[in-house]
Amino acid sequence: MIGYNRRMSTLSLRARPPFSFHSVVHSHGWLQLAPFALEEESQTLTYLLKLASGQVIELRLRDAPGGEAPAGVRVETDERLSRAAQAEVRQRVGWMLALEQDFSPFYTAARREPKLAQVEAQAQGRVLRSATFFEDVVKTILTTNTLWAATIRMTANLVTQFGDSLPADPSRRAFPTPQTLAATTPEALRAETRLGYRAPYIHELATRVDAGELDLEAFKTSELPTPELRKELLKLKGVGPYASANLLMILGRFDFIPIDSWAFKMVSHEWYDGQPVGPAEVEAAFEKWGQFKGLAYWFWDWKYSG
DNA sequence: GGTAGACCTGGACGC
DNA sequence: GCGTCCAGGTCTACC
């Protein structure tokens, strides 16, 4: 269903039930990374998207409780969109909120586990994604070996310095394209964007995508078995075991756990009385969850709050 | 295949 | 204000 005021476009997208807009938006820290932003009062998620046409638009995403119909999301833009642009927005938002993803097998397994008692009722499982997999790979590399505040800052720097502007408000920008980042230099990314040693990794990634040598969007629909897909991700500079598992979660593959320092802390307090633990203990704790390992870990009701 | 050390930034802390 | 220490995953060289 599409409605217009004089200029604005509104699209309603339905999700496979159960669906919770709140759960997917708050599934991890991505909502704090530009060009995402959350308007707390109205619980509106905004995102600046560069369309295939080159036009930059602001998406305003809100919960659309279904009533009798299935729940979903309402998408508003300030521009009147062409049919092609509407289709693109539907496709992008559908991916970003994983509207079609089916978690029923996980919910069935989770019913036997008190620590996952909330997942079905709260429709947890979906992980917020960026519009392109390139953006999610860059953001994931920026989460490694640094504090979260630095990840937020590095991402904001990238968007501010290299993103295309929203015509109505040039201070607001979309995430930079591979072409734009490939056109800069690793030295500039290091010195001006403050990416540190990650700068050459990001630059190489952008250059390979821009040259057509690496098709990151194809990862979204890859039919490779998860271990094979993981090997492909591990070939990317700056992507190690943690980052690859995080990216697999984003791709809807949950066989691996993104083990970081937070995981050690949580598992240590959950099962080892606060004693130091390593990757083996984290793996062992969730081994029985098989293909849902990542989901069980991600949405576990930890007793330690950190 | 496993391990040690380097990588880089910015915040916290002591002086 | 300055110097030092620390946290955070991945890469590379080496065994």
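The model shown is predicted, which means the values in this text are computed figures rather than measured ones. A, B, ... follow the sequence lines: proteins, then strands. Residue 1 opens every chain.
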Original post:
Parallel, tilted or perpendicular: which fits the ring planes of A:F175 and A:F134, with parallel below 30° and perpendicular above 60°?
Top reply: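 The arrangement is perpendicular - the two ring planes meet at more than 60°.
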Subject >> Ring center gap for A:W298 and A:W262 short of 6.0 angstrom >> reply: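 Centroid distance A:W298-A:W262: not below 6.0 Å, so no.
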**OP:** Verify whether the ring centers belonging to A:F254 and A:F292 lie closer than 6.0 Å.
**Re:**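 No, the ring of A:F254 stays outside the 6.0 Å limit from the ring of A:F292, centre to centre.
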Among residues at least two apart in sequence or on other chains, which ones pass salt bridge (charged side-chain N to carboxylate O under 4.0 Å, His left out) with [X]?
| X | value |
| --- | --- |
| A:E187 | none |
| A:R173 | none |
| A:E40 | none |

Subject >> Other cluster members, A:L166 - Ile/Leu/Val/Met/Phe/Trp/Tyr, side-chain contacts below 4.5 Å >> reply: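 Noted: A:L166 shares its cluster with A:L48, A:V56.
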**OP:** Linking directly or through intermediates, with side-chain heavy atoms under 4.5 Å: list the remaining ILVMFWY members grouped with A:Y197, chain and number order.
**Re:**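 Besides A:Y197, the cluster holds A:Y201.
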**OP:** Starting from the first five and the last five pairs of the helix from B:dG1-C:dC15 to B:dC15-C:dG1, work out the angle between the resulting helix axes, to 10 degrees.
**Re:**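 The angle separating the two end axes equals 30°.
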**OP:** Could you list all the ring pair (Phe, Tyr, Trp, His ring centres under 6.0 Å) pairs where at least one residue sits in residues 219-247 of chain A, not counting sequence neighbours?
**Re:**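 Counting only pairs at least two positions apart or across chains, the ring pair (Phe, Tyr, Trp, His ring centres under 6.0 Å) contacts touching residues 219-247 of chain A are A:F133-A:F219.
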Original post:
Under a criterion of less than 4.0 angstrom to any heavy atom of chain A, what are the 5'-terminal and 3'-terminal contacting nucleotides of DNA chain B?
Top reply: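 Contacts span B:dC7 to B:dG11, reading 5' to 3'.
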**OP:** Test the A:R129-A:W95 pair against the cation-pi criterion, namely NZ or CZ under 6.0 angstrom from the six-membered ring centroid and within 45° of the ring axis.
**Re:**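 Yes, A:R129 sits over the ring of A:W95.
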Subject >> side-chain contact (heavy atoms from CB on, under 4.5 Å) evaluation trace for A:Q91 with A:M96 >> reply: CA-CA 9 Å; A:Q91 190 262 328; A:M96 290 161 71; over 6 Å; no
Original post:
Which of residues 183-200 of chain A have a heavy atom under 4.0 Å from DNA chain C?
Top reply: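 Within this stretch, A:Y197 sit under 4.0 Å of the strand.
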Original post:
What are the residues of residues 139-148 of chain A, sorted by number, that bring a heavy atom to within less than 4.0 Å of DNA chain C?
Top reply: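 Going residue by residue through residues 139-148 of chain A, the ones with a heavy atom under 4.0 Å of DNA chain C turn out to be A:T144, A:N145, A:T146.
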Show the atom names and distances, to 0.1 Å, of all donor-acceptor pairs under 3.5 Å that link a side chain in residues 274-281 of chain A to residues at least two apart or in another chain.
| from | atom 1 | to | atom 2 | distance (Å) |
| --- | --- | --- | --- | --- |
| A:E281 | OE1 | A:G278 | N | 2.8 |

Subject >> A:D78, A:T46, A:T77 screened by side chain to side chain donor-acceptor pair (under 3.5 Å) with A:R60, the one that passes >> reply: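 Exactly one pass, corresponding to A:D78.
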**OP:** Taking heavy atoms of chain A and a 4.0 Å limit, find me the 5'-most and 3'-most nucleotide of DNA chain C within that range.
**Re:**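 Going 5' to 3' along DNA chain C, contacts run C:dG8 to C:dT12.
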Original post:
Base, sugar-phosphate, or nothing for A:A243, non-hydrogen atoms under 4.0 angstrom?
Top reply: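 Sugar-phosphate: the residue A:A243, judged by heavy atoms under 4.0 Å, touches backbone atoms but no base.
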Original post:
Is a side-chain donor-acceptor pair under 3.5 Å present for A:T44 with A:R62?
Top reply: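 Yes - a donor-acceptor pair under 3.5 Å links their side chains.
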Original post:
Taking for each residue the nucleotide of DNA chain C bearing the nearest heavy atom, is the 5' side occupied by A:Y201 or by A:S261?
Top reply: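 Checking each residue's closest nucleotide, the 5'-ward one belongs to A:S261.
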Original post:
Can you tell me how far the OG1 atom of A:T155 sits from the CG atom of A:L33, to the nearest 0.5 Å?
Top reply: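 Going from the OG1 atom of A:T155 to the CG atom of A:L33 covers 4.5 Å.
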